[in-house]
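To start, the structure itself, in structure tokens.
Scope of the values below: all heavy atoms of this structure, side chains included, with no hydrogens, waters or symmetry mates. Chain identifiers are assigned alphabetically (A, B, ...) following the order of the sequence lines, protein sequences preceding nucleic acid strands; residue numbering begins at 1 within each chain.
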Amino acid sequence: MAVVDKVEGETGEEAGLRQPLETAVVRFAGDSGDGVQLTGSLFTLSTALAHHDLATFPDFPAEIRAPAGTTYGVSAFQIHFGGREIRTIGDRPDVLVALNPAALKVNLGDLRPGTVVILDVGSFTERNLRKAGFTEDPREDGSLDPFRVVALDISGLTRRAVADTGLTSREQLRCKNFFALGLVFWMFDRELGPVIEWTRQKFGRKPALCEANIAALKAGHALGETAELPQLPAFQVPPASIAPGLYRAVTGSEALAFGLLDGARKAGLQLTFCSYPITPASPLLHVLARLRGYGVTTFQAEDEIAAVCAAIGASYAGALGVTSSSGPGISLKSEAIGLAVMTELPLVIVNTQRAGPSTGMPTKTEQSDLLQALYGRNGDAPIVVLAAASPADCFTMAREAVRIAVGHMTPVMLLSDGFLANAAEPWKIPDLDTLPAFPVRFRTDPEGFAPYARDERLVRPWVRPGTPGLQHRIGGLEKQHETGEVSYDPENHQRMTDLRWNKVLAVAEDIPEQTLEQGDPGDRVCVVGWGSTYGPISRAVTTRRRRGEKVAHLHLRHLWPLPRNLGRLLSGFEKILVPEMNKGQLVHLLRSQYLVPAMGLSKVSGRPFAVAELEQALDRLSEERP
Amino acid sequence: MAVVDKVEGETGEEAGLRQPLETAVVRFAGDSGDGVQLTGSLFTLSTALAHHDLATFPDFPAEIRAPAGTTYGVSAFQIHFGGREIRTIGDRPDVLVALNPAALKVNLGDLRPGTVVILDVGSFTERNLRKAGFTEDPREDGSLDPFRVVALDISGLTRRAVADTGLTSREQLRCKNFFALGLVFWMFDRELGPVIEWTRQKFGRKPALCEANIAALKAGHALGETAELPQLPAFQVPPASIAPGLYRAVTGSEALAFGLLDGARKAGLQLTFCSYPITPASPLLHVLARLRGYGVTTFQAEDEIAAVCAAIGASYAGALGVTSSSGPGISLKSEAIGLAVMTELPLVIVNTQRAGPSTGMPTKTEQSDLLQALYGRNGDAPIVVLAAASPADCFTMAREAVRIAVGHMTPVMLLSDGFLANAAEPWKIPDLDTLPAFPVRFRTDPEGFAPYARDERLVRPWVRPGTPGLQHRIGGLEKQHETGEVSYDPENHQRMTDLRWNKVLAVAEDIPEQTLEQGDPGDRVCVVGWGSTYGPISRAVTTRRRRGEKVAHLHLRHLWPLPRNLGRLLSGFEKILVPEMNKGQLVHLLRSQYLVPAMGLSKVSGRPFAVAELEQALDRLSEERP
Amino acid sequence: MNAPARALKPKDYASDQEVRWCAGCGDYAVLKAVERVLAEIGADPAGTVFVSGIGCAARFPYYVATYGFHGIHGRAPAIATGVKLANPELDVWVIGGDGDMLSIGATHLAHTLRRNPDLTLLLFNNEVYGLTKGQLSPTAPPGSRTPTSPLGSVESPLSACRFALAAGARFVARGIDTQKDLTGILRAAHDHPGTGFVEILQNCIVYNDGAFAAITERATAAEHQIHPVHGEPLLFGAARDKGLRLAADGSGLEVIEIGADGAGLEEVIRFDRTNLALATMLASLEPPLPVAIGVLYDNPAPVSYERALRAQEEAERARIGEADLGAMLRQGPVWMVTA
Amino acid sequence: MNAPARALKPKDYASDQEVRWCAGCGDYAVLKAVERVLAEIGADPAGTVFVSGIGCAARFPYYVATYGFHGIHGRAPAIATGVKLANPELDVWVIGGDGDMLSIGATHLAHTLRRNPDLTLLLFNNEVYGLTKGQLSPTAPPGSRTPTSPLGSVESPLSACRFALAAGARFVARGIDTQKDLTGILRAAHDHPGTGFVEILQNCIVYNDGAFAAITERATAAEHQIHPVHGEPLLFGAARDKGLRLAADGSGLEVIEIGADGAGLEEVIRFDRTNLALATMLASLEPPLPVAIGVLYDNPAPVSYERALRAQEEAERARIGEADLGAMLRQGPVWMVTA
Ligand SMILES: Cc1ncc(C[n+]2csc(CCOP(=O)(O)OP(=O)(O)O)c2C)c(N)n1
Ligand SMILES: Cc1ncc(C[n+]2csc(CCOP(=O)(O)OP(=O)(O)O)c2C)c(N)n1
Ligand code: SF4
Ligand code: SF4
Ligand SMILES: [Mg+2]
Ligand SMILES: [Mg+2]
């Protein structure tokens, strides 16, 4: 995040030169009705076409449509892009576009000296200032002095630019996001062509609105080009060296959906996806509901319990049963997940974690369901637990969840979170045909069949009802070894408990050994992460390593069972730091498993770690050096 | 369990002398319809009146009324009693009364050479032998040779004894348990008077049946007295030195009910007990439902979720809300417990653990819900976790759960288990008036009121709706510090998460420091237990200490937060052994908390530890001595 | 729980919290109606509790200056039952949406209704999941296209009022968010001693705008609604020239035109609010038949659930007499050990 | 799922598991009836699945020689729905008790009925919790004394059939465990294309013996039961001398005596199994009125839930044409990065 340093004090296009920047963070913010999310998407498209690497994150308000002008009605979209690999959405914006006072208000705390702040002062009416909670006009009380404020009447300029398009005054105003976008396009030297084309495709059915938006876009761009605004910098961001191929943007929700679909196909199964709406898990259901022509049946159940039970029923019947939820909904599924453990059926449970406890902050992100994933059921009921590290990684880990569930006849919980679900990144579209397949072989041979007989990996056979001669009964009561009949025999219960335990542990033989993302086993410090902390940890470790510090980054995607070499690997480090968006859950597991003095770094604010926070923690560790 | 050694080879009343025994274990077993549980209760009463210490355990079949004669229809009752403190129900019986072949079959594995086996050979028909799964008559194939078999036609003898009572032949046969009881009474030199009196009280309304039972009882006793049965020993068990006072027998379920009632009274609250039937938690609901005149409202809800929600509602309204369940039902409550965490209301959740996972073995005992108690909720949602160590301790810990819940405005989960719930022991009836009170002081003063303001222990005020001027709203969304309003503020969420965490940790200041049940901090080995393993651990450690081994016993009743001195205490031992009826849950917690190399000893068979199993584990530890 | 010193106005029941529903949401109108009822009945804010589940509707308690409990999804009736068990004196209102009460919470709704504690239970039916952004609701008509049913729903909807009646409700009414007499309906529900259940047709302007337009459209409302009045014949239409009679085959109610001279009026059935079968037929009316709005059933049980429980407990206490817990412990087999 | 080679007999559908219900339990009779139906319809054991919840009744799947899934308490309809979603070809039966389906599982029952997948759903109503030893059930009559209501229940019971009808069931029947024609009723439920719901009055000899004696007592059964026949007048009584007619005030059905000459017969209403309102009135009959036994409602939807979903999916596949997942990923904004 050394970006701002470089631009401080410079003005735009002095002597016709654009200011070089390695990476930049732009945040668009405005009222829910201001079209901020669309603006963000278009800027993302343009950024991708400019061959930058990038990461984006939308920040929706918790309320559906909060009253206009309020702080809790602010919608934002952040993009981090540049000429190197982008791993986070950026700690703080270099450029903030604030389309109303409330948008300025809620973002003020995130700005640093020198941040470029583009304000639509056309919206800075007294009423709006009051609604936003300003007692004084921030433009006048000096609170904006540290920033490079570009104060423009974007509302007015937009109205003028689209005056001839036949729109009502209210409709005209709704083009102001395109005006702002045009201006930012100029700042980053972007082509307008592709975005204009895309806009025509998207809004083609409303030609007046479409052309007005384009006019506003062009006007914004022209303003940058022609008006000499001393505070308005012009940047030059180099293209990143990106592996060649065809790309698209994916959110974690999309990637997860695609991964489940591909996983089911590679297993040779129909996907039966059973869920109940809940923030931020719903988008996964929405994406899949639109893809019902691609081999998925989606089922919106009456509640989360019915959803998981239907998924179990589907798996029992020989499809791939998947269920998905978040927070309270995952809690409700606890009992039924135990049933899947006992019946030893494949089941994928996607947990898009959100800030808790209880209803908590549904639209905010957190990683605080790890221990629940591991232990949140009655009895000793082990399941496999996985976590995706980035939006695109959701594709890979969804496939992995399917592979393990069907290969080991076990429930697998895949942990995502609110950040991953909504964040987007460029994704090199894989050639699905070349990805490994893991076809299921249903048991069909009655000869010697026993429903709870096991193979060498302790896996029992999967039988599709309808198969002649293999009729049998399963259920949640303790099962007799091999026969699967109900049993209250003490020795058998011990044996079966051990078998269920060891069966899940045996998955460790079927997953890769743990490797380091960066660094070597001989380094002094190891930062151990899991899930969506990947980006910030990775960036922080890279920075420190550049400075010559012996810091490694280890990132867990398999959380239970843990990779078989993990204990060995960890024992080599002097210090182990475990940053988590919870009160210390993975660190708890690692300490117990390996008796290593791992230290937690906890952040529970509903927001991802900032790179700077991790660097500070590493600094504190270094200071501790004897 | 050195009992059998002493009696081996002796015959009853040789030279008119009774064989001295320090303690004895008697198991009655028969068909569900044979009245075994009643027999056990009467023997218990008589044992108590003989001033022995004792412990009992009924072992019901899983089926309601399984077909007569089947092994899964066998009902049993075990009692361990003697002249010293009794801490377990006894590993193995010294005397087995088997009223049918199935009862012999299921108990054979538990017998040791020399065990006295009293058989009702009147029931040893070919049909019954087959039903019990015997291919040959065990009396003839030598399989009973190691035992001291007392083969009597109890059925026939009973019929004859009650021939004149006007009962039908079928009714006559139902007196055979009284005949067997009379015989065992003679073996242990018991008075018949009190039991006859009690029988008259109980069956007074059916005089014919009543008198027949008494006749059978007397006949059984007379048989011991008069028939010279060489295999039938007569024992003399000394009275125990028991603290003087008025005693009654209590099961864990009863003691827990009494503890909740007394706790609520001592808090000055009405008790609102909300539950849904489930084995083995139902008896607690049944006991309380009969005590509705004593300040408790019981509510059988439509499911476990409604039950916990109603309990939360009751606490909100200013009563003491308590809910109770087992296994699957506890899983279902996960979401709502999170709500109680967020709303910071007192709530007691009683978990009578059973063998899991899933439906598991509902009638069998286990301790496998500890980690779920600690972590089985979405988000970081800490609650207080307690565990009772014995049936009578359920009274104490129920009071403790209430004290902490109302004193700290927090959910408290009290762990019991299927063993504790059904097992009984003598209980010196406390003088309730002398037990400490902990009256709740509801907030009534509007001056400076804020629903989430905290006192020095981080506890928020409890307000009874109806109180003028204190209207406020609570719920599951994140709360603004102090005001309790809904808040999505990142810093506030961090602060509140920390506060909820620290509030529960602060309970450690309000509970006793951990002490050792036996042994000293300087001992080599510490056996750390929790819950119903108390008895067997205690006995095993006593035995070892008598042999001079440096083994200590530490028993946790407060599992979260852990006692503040626990880490220090544990660090003094060379070896820490943690026996649990699960796959290693407390040991997981201790390792993680204190980085101590505690070792687990896991038993998951639905049965309590035998003292011998613990002794063997201690032997293995000793062998490891370098 | 003394009555407040001075008479409160509807606006006195508004809390200090900013209302965060979408502009134009039907919930605003319901909030106003409830405030009016509270004022009418002179509700003591301190003695009143609003309990809700999760959803847009379920934000309701934040906006009322009484005690409030924003619960978890679907469970408000259970929480409210607990409140009443603990303190029967409180005046408890329960609020939830169609998803909250008829999907995840249908069990609790049904069992609360049959137990009949003294609650006022309002189900805001907008035929959509508002808070989670427009998914399919169990009350949505077949064919509904939503993010979770982009190809159109193939499910039959639940009828809230029929469901409530079948569950054993003793008071069932249907209202409309912007309806003038909503206050009267709510008041009747509140005055009913036992659970007063009201389905409120509520417009979600963002995700399901106009869902009830066919019924509520001003111009034609009189033809598309029927407002039963106890003891009166079931007439409707701007000119009150149509009525309902029993179909001879037992298939429910059918429309007849009343002649200018009143011909046919004798066939029109009279509404009796204690008639369960009639209430069920009325609740079942759907367009093109007129939709029944107002109190459809009001047949109080002798005593509410929580009062019946209390009565049992008092009888028990009387039976026990002086005996306290300590004495109870000494009942049954006990024995004395002496030193 | 080929038909089995030789015709199977009822006993061929018995599994090898020992039946563990109490001697004299009504469940045995139902098991026999189901075995008879399976034989009658020539069910393929391999193509048949029994799914259940938890309870005595829910042990049922163990005793049938088909595929079986003994689920968790209350959730059998949801599990069964999943089975049908995955494989519509399977013949799926769902079994549960009154606690299982009407208490903890009422939500799933209601939603399954309104969605209408092709299931045969049997609710064994013994008005008590058998497996957990006799606690209060939601169908138990007021005043019931049980371990959880020792002072007598103060709740009103749910009526299984009324609940099912209100939830949108398209087939509702009531049978009696030991009734001769139970087989016929079960068969009709099975043949119904969609969810066939049957409440079976089942005697729990241990915890609630004789709960239905007033209805089932041989000697008086003809007076206390009415067996509706499609298209026939609703007559009952040993001499078929009593009938049901519509009460003029819309309050349901009332009994009339038929004169020896058939006088009054014209007033007796004819049973039409597709008449929902009539079914509701029949389902509501309680002693002293005759209790309706048999098929009360049978009005198939055009297509079952899972078939409707499949049809949508096939239409989608047709619309997409050749496009596969890989192609779909390439739709929308994509960009090429070249080396
Ligand atoms: C256990 C649980 N599941 C799901 C959710 C997500 N959720 C919140 S509100 C809601 C439904 C909202 O619809 P409705 O009840 O009709 O209320 P409305 O918003 O339409 O007023 C859902 C599914 C949740 N909060 N908790
Ligand atoms: C989640 C859960 N809650 C409670 C139980 C305990 N339980 C088992 S069966 C049952 C009710 C049995 O009654 P019913 O459904 O009427 O069946 P019946 O035994 O009478 O056939 C209950 C409460 C359970 N197994 N799981
Ligand atoms: S989403 Fe719909 S129901 Fe929710 S507040 Fe907005 S308009 Fe009202
Ligand atoms: S308890 Fe009742 S329902 Fe259960 S098996 Fe026994 S008789 Fe049947
Ligand atoms: Mg809704
Ligand atoms: Mg039952």
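- Looking at A:Arg354, there are no atoms closer than 4.5 Å to chain B (heavy atoms on both sides), in backbone or side chain.
- Note on B:Leu590, B:Val486, B:Val604, B:Thr363: by heavy-atom pairs under 4.5 Å with chain A, the leading option is B:Val604.
- Here A:Pro490 is the residue among A:Ala381, A:Gly338, A:Pro490 with the most heavy-atom pairs under 4.5 Å with chain B.
- The two residues B:Met342 and A:Ser358 make their nearest non-hydrogen contact at CB-CB, 3.8 Å.
- In this structure, the portion of A:Gln585 lying under 4.5 Å from any heavy atom of chain B is its side chain and not its backbone.
- Residue B:Pro597 touches chain A through both its backbone and its side chain, counting heavy-atom pairs closer than 4.5 Å.
- Interface check for chain A: of the options B:Gln494, B:Gln367, B:Glu491, the most heavy-atom pairs under 4.5 Å are formed by B:Gln494.
- To the nearest 0.5 Å, atoms CZ (A:Arg495) and OG (B:Ser605) are separated by 14.5 Å.
- For A:Ser326, no part sits under 4.5 Å from any heavy atom of chain B, backbone or side chain.
- Annotation: side chain of A:Glu335 is not in contact with side chain of B:Glu304 (no heavy-atom distance under 4.5 Å).
- In this structure, B:Ser592 OG and A:Tyr594 OH are separated by 13.0 Å, a value rounded to the nearest 0.5 Å.
- Here the side chains of B:Pro357 and A:Arg500 are in contact, with some heavy-atom distance below 4.5 Å.
- The part of B:Ser487 that comes within reach of chain A is its backbone (N, CA, C, O), which places non-hydrogen atoms under 4.5 angstrom from that chain.
- Summarising the geometry of A:His493 relative to B:Ala355, their closest heavy-atom pair is NE2-CB, 3.8 Å, with the distance given to 0.1 Å.
- Atom CG of A:Asp380 sits about 11.5 Å away from atom CE of B:Met581, to the nearest 0.5 Å.
- Between the B:Ser331 side chain and the A:Asn378 main chain, a donor and an acceptor come within less than 3.5 Å of each other.
- For A:Leu339, the parts lying near chain B are the backbone and the side chain together; criterion is any non-hydrogen pair under 4.5 Å.
- For A:Lys603, the parts lying near chain B are the backbone and the side chain together; criterion is any non-hydrogen pair under 4.5 Å.
- The closest side-chain heavy-atom distance from A:Thr359 to B:Glu478 is not below 4.5 Å.
- Using a 4.0 Å cut-off between a side-chain N of Lys or Arg and a carboxylate O of Asp or Glu, A:Asp498 and B:Lys583 qualify as a salt bridge.
- The candidate from A:Asn582, A:Thr343, A:Asn351, A:Asn492 with the greatest count of non-hydrogen atom pairs under 4.5 Å with chain B is A:Asn582.
- Counting heavy-atom pairs under 4.5 Å between each of B:Asp489, B:Thr497, B:Ile330 and chain A puts B:Thr497 at the top.
- For the pair B:Pro362/A:Tyr488, a side-chain contact is recorded, criterion being any heavy-atom separation below 4.5 Å from C-beta on.
- Legend: residues meeting ring pair (Phe, Tyr, Trp, His ring centres under 6.0 Å) with B:His588, ordered by chain and number and at least two apart, are A:Tyr375, A:His588.
- Residues A:Met361 and B:Leu477 form no side-chain contact, since every pair of their non-hydrogen atoms from C-beta on lies 4.5 Å or further apart.
- With a 4.5 Å cut-off on non-hydrogen atoms, A:Val596 touches chain B through its backbone but not through its side chain.
- Minimum interatomic distance between B:Ile305 and A:Ile305 (heavy atoms only, all atoms of both residues): CD1-CD1, 4.1 Å.
- Contact of the A:Gln372 side chain with the B:Gln372 side chain is not registered, since no non-hydrogen atoms from C-beta on lie closer than 4.5 Å.
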